[in-house]
Amino acid sequence: MSVPLTLLGLLQVRPRHGYDLKRAYDAHFGHDRPLKPGQVYSTLGRLERDGFVVVSGTDRDGGPDRTTYAVTAEGVTDLDRWFAEPEGPAAYLQPVLFAKVVLALQSGRDAAQVLDAQRAEHLVAMRELTALKKDADLDRVLGLDFALFHLEADLRWLEHTAARLDRLGKELAR
Amino acid sequence: MMEPLLTARDLHLSFGASPALAGASVDVAPGEILALLGPSGSGKSTLLHCLAGILVPDSGEVGYRGIRLDRLSDDLRSELRRSDFGFVFQFGSLVPELSAVENVALPLRLAGHKRRTAEARALEWLERLEVGEVARKRAGEMSGGQGQRVAVARALVAGPRVVFADEPTGALDSLNGELVMDLLVGAAREQGTSIVLVTHEPRVAAYADREVVLRDGALALTVGA
Ligand SMILES: Nc1ncnc2c1ncn2[C@@H]1O[C@H](COP(=O)(O)OP(=O)(O)OP(=O)(O)O)[C@@H](O)[C@H]1O
Ligand SMILES: [Mg+2]
């Protein structure tokens, strides 16, 4: 899961201050692992240093943490790259894939395209692993099977989600 | 890609008002294993049936070795299916009244071989697919996995140029599914047979050289060369 890119994606949906950002992150992506407040501010600090976000305002009646951040053109370019590149077909991808789908929908990108690119990546990896099984010993085959079953589970989730994109888009827009 | 063996160009086919195929185009190269994926109702079986000359599209072209399948008479298409194609379906690929060995011998008998030679070759194939022990049983007396291996033997026995397989592992557990795919793909590679494979299972699709995903009766995504 890439926390910096996910926060950047949330900031592209609209500028937010740190607490607001944490709330949005936790609501969508932090069910199991909510962000620590310190992590939000340190990440924002690094994103600002790298030129991906800028301070876009301060909320006067709030406390010291009411600084609002917005994404820069450079930040958008970084996000575009993230959305365009499928993840390497490794295990435990679901959180980052889910973040990509939600944020693609919210930022008006083609979420179906994101899912298709990932599907292709997974299918190619499965084909390669299947070819390796051909003349391998059983212990190696079972290791390859472990990876294949996990990739298959990911793929099923990708298909399942692709079939529900319209509804997810509508719910997120509410 | 090599000169394709099978081609579908812009196929349209409706059952009543609802379109099952809406502009599907795909090629199959000699010896190529092609997987057709996509959600239920997206037109996978319909496309497979058009490529195999079982169904004729409302419009579009189906070509096989320079022959327009969609323009052939019903009789000629049946003859071509018998001589050049093999079939494996999810259920009911076998004739229930016949024993396993008689089922596998059937394509050879239809091609004019004598019973003795046909059954001898059928038995070889059954043994190759590790189901020699069910040779004298009927379809109803075998397990699903054994029945599917018998069906694969029947699809391959006459040396077809193309095997059409619609969910060949749909009713099998993962181990039997893998065995059926290993045997089907291994035998097809050996004789240069192409396979058009419809499946819901990514692990089965992973045996293919190329995967195409159908959506609403047309190709939405191609993965591979
Ligand atoms: N013989 C038929 N009569 C009427 N409608 C049909 C017939 N065969 C298919 N259809 C319709 O055509 C569409 C495509 O069907 P098809 O069987 O090709 O889908 P599929 O992708 O193979 O689905 P599944 O994964 O469920 O097997 C569906 O809407 C289906 O209801
Ligand atoms: Mg079907």
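Convention: sequence-line order gives letters A, B, ...; per-chain numbering from 1.
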Rounding to 0.5 Å, atoms CZ (B/R203) and CG (A/L151) come to a distance of 11.5 Å
With a 4.5 angstrom heavy-atom cut-off, is it the side chain or the backbone of B/S174 that approaches chain A, or both, or neither?
side chain
Can you say whether A/K134 sits under 4.5 Å from chain B via the side chain, the backbone, both, or neither, judging by heavy atoms?
neither
Could you report the tightest heavy-atom contact between A/R156 and B/P202, atom names first, then the distance?
NH2-CD, 4.0 Å
Quick one: OG1 on A/T130 to CD on B/E178, what's the gap to the nearest 0.5 Å?
8.5 Å
A/L148 versus chain B, heavy atoms under 4.5 Å apart: side chain, backbone, both or neither?
both
Does anything in residues 115-123 of chain A reach chain B? List residues with heavy atoms under 4.5 Å apart, or say none.
A/D116, A/R119, A/A120, A/L123
With a strict 4.5 Å heavy-atom criterion, list every residue of residues 179-190 of chain B that contacts chain A, or say none.
none
How about residues 35-60 of chain B versus chain A: which residues have heavy atoms under 4.5 Å apart?
B/L37
Let's test your reading of the structure: which of A/K133, A/E128, A/E152 forms the most heavy-atom pairs below 4.5 Å with chain B?
A/E152
Kindly check if the number of other-residue, nucleotide or ligand heavy atoms within 6.0 Å of CG (A/D166) is above 12?
no
For B/D209, does the CG atom have more than 12 heavy-atom neighbours from other residues, nucleotides or ligands under 6.0 Å away?
yes
With sequence neighbours excluded, what pairs up with A/R81 under the salt bridge (Lys or Arg N to Asp or Glu O under 4.0 Å) test?
A/D78
